[in-house]
Amino acid sequence: MITRMSSLFLRTLREDPADAEVPSHKLLVRAGYVRRVAPGGYSWLPLGLRVLRRIEDVVREEMDAIGAQEIQFPALLPREPYEKTGRWTEYGDALFRVKDRKGADYLLGPTHEELFALTVKGEYSSYKDYPVVLYQIQTKYRDEARPRAGILRGREFVMKDSYSFDLDDDGLSRSYQLHRDAYIKIFDRLGLEYVIVAATSGAMGGSASEEFLAVAPTGEDTYVRSTESGYAANVEAVTTPAPPAQSIEDKPEAQVHYTPGTPTIATLVDYLNDKTDLGRTFTAADTLKNVMVKIRRPGQKDWEILGIGVPGDREVDTKRMEASLEPAEVALLEESDFAANPFLVKGYIGPKSLQDNGIRYLVDPRVVTGTAWVTGADKADHHVVDLVAGRDFTPDGTIEAAEVREGDASPDGKGSLVAARGIEIGHIFQLGRKYTDAFEVDALGADSKPIRITMGSYGVGVSRLVAVIAEQHHDELGLVWPRAVAPADVHVVIAGKDETVAAGAEKLAGELDAAGVRVLLDDRKATPGVKFADAELIGVPTILVVGRGLAKGVVEVKDRLSGDRQEIPVDDAVAHLVKLVRS
Ligand code: ATP
Ligand code: MG
């Protein structure tokens with residue numbers, strides 16, 4: 001097919017859009033691939049839609065190759081199934097809820113576990129029917145708190161979601177592994193640099209779970225990996241190894257100290273070391289910082305105040321804390337909360353008053369029985385030294401809320417951690433029976449006894465991938481698409497007003513087209529400078545310049561990525577390009 005730029009519905013922009021921060025957003029808008037319609041809502045213009053469709057094709061081929069079968073659900077879904085699993089409320093503010101004219105509740109599907117489980121239950125009944133893997137490539141809706149970076153985080157976006165249904169855990173492991181392998185093929189074919197990391201399963205419930213993160217400094221996800229083993233995890237999923245419990249007996253008595261002018265951990269540590277005579281040196285890691293938050297469970301009106309204790313040398317990582325408390329919503333305490341709870345002495349909050357006043361207190365896993373801490377004494381300007389866990393206070397549980405730092409020991413005991421950023425492009429997890437329990441999805445076994453089906457759920461952010469590929473494949477001039485997804489194979493630029501140049505380019509375009517090469521032909525009445533700039537911005541991997549050289553029987557082939565130019569005889573051009581495109 002020849003796409004003529006003289007009639008293509010495309011206007012490139014010279015300026016970056018004002019709201020764009022990341023390169024992919026700037027370039028996809030400037031090159032005329034997408035246009036903003038609403039916060040987190042984008043339309044696909046012809047070139048953008050082509051890239052999206054090519055990605056869909058790669059995803060579809062690899063899903064079909066593992067025997068997954070494509071189906072399609074509506075995006076507009078009834079409330080009942082989501083009510084049944086609790087997600088109507090659990091999904092919180094991210095769920096678009098709508099009413100029909102009769103007042104019945106509907107939602108715009110954010111993910112479709114419920115519908116797939118119900119559909120399999122409706123069609124299948126015998127153990128002989130299983131396993132089965134179903135998928136769809138479909139528009140999803142999530143009222144994201146922070147739609148961001150154009151199509152990278154939209155409120156309407158395209159996802160490939162698949163679901164496996166197996167009779168037992170071994171079957172589930174196999175289905176999971178098949179998806180893992182398929183995802184590796186997909187992301188390799190798309191030319192992405194990515195890592196596979198351990199993940200939390202979030203609001204979906206379930207156990208084994210991994211994310212595919214495209215390596216990108218602009219990514220919202222932080223992951224760590226070990227310097228000495230294969231360990232890699234999203235920071236949200238890093239579990240802190242608990243040190244062994246210590247004996248309580250040999251610990252000194254807890255003592256309250258007057259510590260004026262110590263509003264921060266640093267000033268407190270200095271004070272203890274300079275102004276007290278405790279016979280040892282303190283560091284921030286000896287202090288226990290108590291951070292107060294409030295949480296609200298889905299569907300509930302009231303907030304619960306929660307105390308979180310972390311070693312004073314670490315900050316609380318909001319994303320880790322929120323992931324640990326999911327699906328509850330988390331907020332910081334406000335002045336009015338402190339006013340309503342006068343036992344909370346700001347800056348000097350200790351475990352004791354929390355426990356005396358029935359406030360739940362969760363601690364970092366390092367706070368094991370027998371560890372002694374310097375912490376707030378619940379009285380202005382006072383701290384308590386040698387407050388011993390398991391003796392002077394008993395936490396209500398542990399929480400992964402403290403930041404993970406580079407240099408921390410790897411949780412698998414091998415090496416230390418290094419950190420980098422990425423963008424989530426895929427997520428696979430073994431859901432187990434949460435949804436099949438909710439809907440009683442059973443198969444009748446060979447012995448006529450029912451077998452509860454176990455499920456896996458697997459997502460690929462198809463529309464996000466357009467942006468992620470752009471994020472990894474661009475330079476200062478514009479986009480540089482990998483061949484597998486480029487909107488055309490060859491961008492033919494007619495560089496010159498001469499009739500014979502135009503005719504020569506048309507002829508080459510026609511021959512390329514006949515050979516199955518997808519051609520974008522710049523046949524506009526514009527200067528060569530404008531055309532070259534647009535070609536570089538649009539990012540077709542190979543540019544064929546037909547210009548003055550034609551009179552001498554040569555054309556120029558430009559590699560968009562390397563910038564290399566090569567003059568070749570016009571008679572060899574088609575064969576040369578066909579070979580290039582197929583390589
Ligand atoms: P994130 O942490 O980025 O919000 P998620 O954990 O909510 O992602 P899943 O529910 O596992 O994501 O969805 C599967 C895939 O869909 C993700 O791996 C991601 O690539 C894509 N995705 C999720 N939310 C969005 C969005 N708002 N816009 C575009 N793609 C998205
Ligand atoms: Mg999300």
Side-chain angles (χ1 to χ4, degrees), residues 22 24-25 28 34 36 38-42 44 48 52 55-56 59 63 75 87 90-96 108-114 116 135-163 176 179-180 183 186-187 190 192 194-206 208-216 218-223 233-237 318-320 322-323 326-327 421-431 456-472:
V22 303
S24 62
H25 187 190
L28 289 169
V34 298
R36 183 180 181 277
Y42 282 77
W44 297 92
L52 179 69
I55 295 172
E56 284 180 15
V59 172
M63 292 312 297
R87 288 212 294 183
E90 257 176 43
Y91 227 97
D93 290 338
L95 192 66
F96 278 106
L108 298 177
T111 168
H112 281 66
E113 281 76 5
E114 283 82 350
F116 276 83
Y135 77 99
Q136 60 177 350
I137 295 177
Q138 196 225 22
T139 304
K140 299 277 192 262
Y141 297 86
R142 294 182 185 177
D143 194 356
E144 297 278 358
R146 289 171 288 274
R148 176 182 170 262
I151 54 171
L152 215 43
R153 180 174 296 286
R155 296 200 296 171
E156 171 174 318
F157 57 98
V158 180
M159 195 202 290
K160 184 286 298 175
D161 49 328
S162 46
Y163 306 87
Y176 182 89
H179 275 87
R180 198 175 191 275
Y183 279 26
I186 291 168
F187 299 132
L190 297 178
L192 288 165
Y194 62 93
V195 289
I196 305 175
V197 303
T200 55
S201 38
M204 310 250 193
S209 161
E210 287 169 296
E211 282 167 359
F212 289 71
L213 301 182
V215 178
T218 52
E220 287 181 82
D221 283 284
T222 305
Y223 66 93
N234 192 311
V235 284
E236 290 175 17
T318 311
K319 282 183 92 178
R320 270 169 60 73
E322 285 175 355
E326 219 173 285
R421 295 182 82 83
I423 304 169
E424 184 183 327
I425 47 178
H427 192 179
I428 51 177
F429 53 97
Q430 302 190 10
L431 272 180
S457 159
Y458 318 88
V460 169
V462 175
S463 53
R464 174 179 287 186
L465 278 170
V466 176
V468 173
I469 296 170
E471 204 63 32
Q472 287 191 354

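Remember, it's 1-based here, ligands and their atoms both numbered in the order they're listed. In this chain, residues are counted from 1 in sequence order.
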>> If I take atom CZ from residue Arg421 and atom CG from residue Leu213, how far apart are they, to the nearest 0.5 angstrom?
In response: 11.0 Å

> Backbone, side chain, both or neither: what part of Leu465 comes under 4.0 angstrom of ligand 1, heavy atoms only?
Replying inline: neither

>> I'd like to check which ligand 1 atoms, numbered from 1 as shown, lie under 4.0 Å from a non-hydrogen atom of Glu144.
In response: 24 (N), 26 (C), 27 (N)

>> Below a 4.0 angstrom heavy-atom separation, can you tell me which part of Met159, side chain or backbone, both or neither, approaches ligand 1?
In response: side chain

> Any Lys/Arg nitrogen of Glu113 or Arg87 sitting under 4.0 Å from an Asp/Glu carboxylate oxygen of the other?
Replying inline: yes

>> What I want to know is whether Val460 and ligand 1 share at least one N or O pair that is separated by under 3.5 angstrom.
In response: no

> Between Leu52 and Ser463, is any pair of side-chain heavy atoms under 4.5 Å apart?
Replying inline: yes

> Between Lys140 and ligand 1, which part of the residue brings a heavy atom under 4.0 Å of the ligand: side chain, backbone, both or neither?
Replying inline: neither

> How close do Glu471 and Ser24 get, heavy atom to heavy atom, and via which atoms?
Replying inline: OE1-OG, 2.5 Å

> When you look for heavy atoms under 4.0 Å from ligand 1, do you find them on the side chain of Arg464, its backbone, both, or neither?
Replying inline: side chain

> Where do Tyr458 and Lys160 land on the side chain to side chain contact (heavy atoms under 4.5 Å, CB included) test, with the steps shown first?
Replying inline: CA-CA 8 Å; Tyr458 318 88; Lys160 184 286 298 175; 4.0 Å; yes

>> Could you tell me, atom by atom, which parts of ligand 1 come under 4.0 Å of a heavy atom of Leu152?
In response: 28 (N), 29 (C)

> Where do Tyr163 and Thr111 land on the side chain to side chain contact (heavy atoms under 4.5 Å, CB included) test, with the steps shown first?
Replying inline: CA-CA 11 Å; Tyr163 306 87; Thr111 168; 3.5 Å; yes

>> Side chains of Lys319 and Val235, heavy atoms from C-beta outward: is any pair under 4.5 Å?
In response: no

>> Measuring from non-hydrogen atoms of Ile425 to any atom of ligand 1, is the shortest distance under 4.0 Å?
In response: yes

> CZ/Arg464 to CD1/Ile151 distance, rounded to the nearest 0.5 angstrom?
Replying inline: 10.0 Å

> Which atoms of ligand 1 have any heavy atom of Gly426 under 4.0 Å away?
Replying inline: 18 (O)

> What do you reckon, does Asp221 put a non-hydrogen atom under 4.0 Å from ligand 1?
Replying inline: no

>> Looking at ligand 1, is there an atom of it that comes within less than 4.0 Å of some heavy atom belonging to Ser463?
In response: no

>> Which of the numbered atoms in ligand 1 are under 4.0 angstrom from any heavy atom belonging to His427?
In response: 11 (O)

